[in-house]
Amino acid sequence: MSSFIVYSCHCLNIRIHLASKYTLDGLAELKPQVTVKEPLLGWEFELGMGGIVIEFNSLIHTVTKGDWKTTSCLNCNCGEIYSVAESASFSKVVIHENAICGEEIEKIKKDSCYSDIFNIKLDQDTDGLVPMPSTEGLFFFWEGNRKKNLETYIYINIKKNRCS
């Protein structure tokens with residue numbers, strides 16, 4: 001039994017559903033016929049009913065060059081995934097070489113870093129992350145003309161109330 005084709009970035013944040021006339025069984029023979037060089041090297045397909053699904057828009061980057069909009073994923077940083085022509089009816093999409101499909105997608109869904117809640121593979125690399133500043137001592141209020149630490153004030157008053 002042949003299954004429908006879904007292409008994706010390497011974390012599954014971007015998923016592109018192709019028309020039902022394309023199947024995984026016939027993909028290898030079809031690719032040479034649908035190869036394009038513009039806007040980037042890839043394969044032009046018709047979109048399916050599922051269209052293009054982006055789990056987190058804040059984790060994509062889209063660049064417009066001429067008549068083309070090319071999208072990449074910022075979460076997995078795997079490069080360009082797909083392009084669409086602005087002048088077209090958005091029924092066709094160019095899938096780029098960095099996109100994955102088939103068994104590769106199934107492997108990611110079984111990965112321990114894949115989140116069923118967020119529907120993406122979460123990155124375990126924390127090298128580029130900026131730590132949140134400590135909130136200790138940030139909460140204060142003014143009593144008369146004296147600045148007081150809110151956390152200390154609450155702690156002292158709770159202690160006073162328990163002891164009375």
Side-chain angles (χ1 to χ4, degrees), residues 1-140:
M1 182 170 146
S2 188
S3 59
F4 299 117
I5 301 174
V6 176
Y7 273 98
S8 176
C9 65
H10 295 212
C11 70
L12 309 187
N13 182 40
I14 302 170
R15 291 185 315 279
I16 305 125
H17 301 263
L18 301 186
S20 59
K21 68 182 183 179
Y22 307 117
T23 61
L24 282 172
D25 292 343
L27 188 59
E29 298 85 40
L30 182 64
K31 275 186 172 180
Q33 299 168 28
V34 295
T35 299
V36 295
K37 293 182 181 176
E38 291 292 329
L40 299 166
L41 186 61
W43 308 279
E44 185 176 56
F45 295 105
E46 288 180 34
L47 280 173
M49 291 294 287
I52 298 171
V53 176
I54 298 171
E55 290 295 331
F56 296 95
N57 283 317
S58 58
L59 294 177
I60 65 166
H61 179 68
T62 302
V63 175
T64 302
K65 278 189 181 177
D67 197 28
W68 293 94
K69 287 186 177 227
T70 301
T71 301
S72 56
C73 180
L74 298 174
N75 187 50
C76 57
N77 258 345
C78 60
E80 295 85 2
I81 298 301
Y82 74 93
S83 296
V84 291
E86 285 187 317
S87 62
S89 64
F90 290 109
S91 64
K92 294 207 176 202
V93 62
V94 174
I95 306 292
H96 300 298
E97 293 177 304
N98 299 320
I100 61 171
C101 73
E103 190 59 37
E104 291 175 273
I105 290 175
E106 296 310 311
K107 278 186 200 174
I108 290 171
K109 287 182 177 180
K110 292 175 185 169
D111 190 302
S112 63
C113 294
Y114 181 77
S115 169
D116 289 324
I117 294 170
F118 298 113
N119 294 320
I120 64 170
K121 180 180 175 183
L122 301 173
D123 189 1
Q124 296 294 310
D125 182 18
T126 58
D127 290 343
L129 296 179
V130 177
M132 294 295 291
S134 170
T135 59
E136 189 173 321
L138 291 179
F139 301 103
F140 64 90

Peer 1: Return the minimal non-hydrogen interatomic distance between N119 and R15, and the atom names on each side.
Peer 2: O-NH1, 4.1 Å

Peer 1: Out of curiosity, L41 CG to T35 OG1, how far, rounded to the nearest 0.5 Å?
Peer 2: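 Result: 7.0 Å between the selected atoms.
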
Peer 1: Closer than 3.5 angstrom, by distance alone: can the side chain of N13 be matched with the main-chain N or O of F56 as a donor-acceptor pair?
Peer 2: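 Present.
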
Peer 1: Taking atom NZ of K31 as the centre, does the number of heavy atoms from other residues, nucleotides or ligands within less than 6.0 Å exceed 12?
Peer 2: yes

Peer 1: SG of C11 to CG of D111: how many Å apart, nearest 0.5 Å?
Peer 2: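 One finds 11.5 Å between SG of C11 and CG of D111.
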
Peer 1: Shortest non-hydrogen contact from V63 to H61?
Peer 2: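 Shortest heavy-atom contact: CG2-NE2, 3.2 Å.
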
Peer 1: Give the minimum heavy-atom separation between P39 and V94, together with the two atoms involved.
Peer 2: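 Here P39 and V94 meet closest at CD-CG2, 4.4 Å.
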
Peer 1: Looking at V93 and L18, what are the two nearest heavy atoms and their distance?
Peer 2: CG1-CD2, 4.3 Å

Peer 1: Could you go step by step and tell me if F45 and L27 meet the side-chain contact (heavy atoms from CB on, under 4.5 Å) rule?
Peer 2: CA-CA 11 Å; F45 295 105; L27 188 59; 3.9 Å; yes

Peer 1: So L12 and E55, side-chain contact (heavy atoms from CB on, under 4.5 Å) or not? Walk me through it.
Peer 2: CA-CA 8 Å; L12 309 187; E55 290 295 331; over 6 Å; no

Peer 1: Determine, using ring centers only, whether Y82 and Y7 are less than 6.0 Å apart.
Peer 2: no

Peer 1: Check the pair E97 / W43 against side-chain contact (heavy atoms from CB on, under 4.5 Å), numbers first and verdict last.
Peer 2: CA-CA 8 Å; E97 293 177 304; W43 308 279; 4.0 Å; yes

Peer 1: Where is the tightest heavy-atom contact between I105 and V6, given as atom of each residue plus distance?
Peer 2: CD1-O, 3.2 Å

Peer 1: Nearest 0.5 angstrom please: I120 CD1 to S115 OG, how far?
Peer 2: 7.0 Å

Peer 1: Could you tell me whether the side chain of I100 reaches within less than 4.5 Å of the side chain of S8, counting heavy atoms only?
Peer 2: yes

Peer 1: What distance do D25 atom CG and I5 atom CD1 have between them, rounded to the nearest 0.5 Å?
Peer 2: 9.0 Å

Peer 1: Starting at SG of C76, measure out to CG of L59 and round the result to the nearest 0.5 Å.
Peer 2: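 So the gap between those two atoms works out to 9.5 Å.
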
Peer 1: So how far is it from H10 NE2 to K107 NZ, rounded to the nearest 0.5 Å?
Peer 2: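 H10 NE2 to K107 NZ: 12.0 Å, rounded to 0.5 Å.
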
Peer 1: For H96 versus T70, what's the shortest heavy-atom pair and its separation?
Peer 2: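 Here H96 and T70 meet closest at NE2-CG2, 4.0 Å.
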
Peer 1: Of V84, T71, I81, which is the lone residue that meets side-chain contact (heavy atoms from CB on, under 4.5 Å) with I16?
Peer 2: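 Single side-chain contact (heavy atoms from CB on, under 4.5 Å) partner of I16 among V84, T71, I81: I81.
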
Peer 1: Is there a donor-acceptor pair under 3.5 Å between the side chain of N75 and the backbone N or O of K121?
Peer 2: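 Yes; judged by distance alone, with no hydrogens or angles, the pair exists.
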
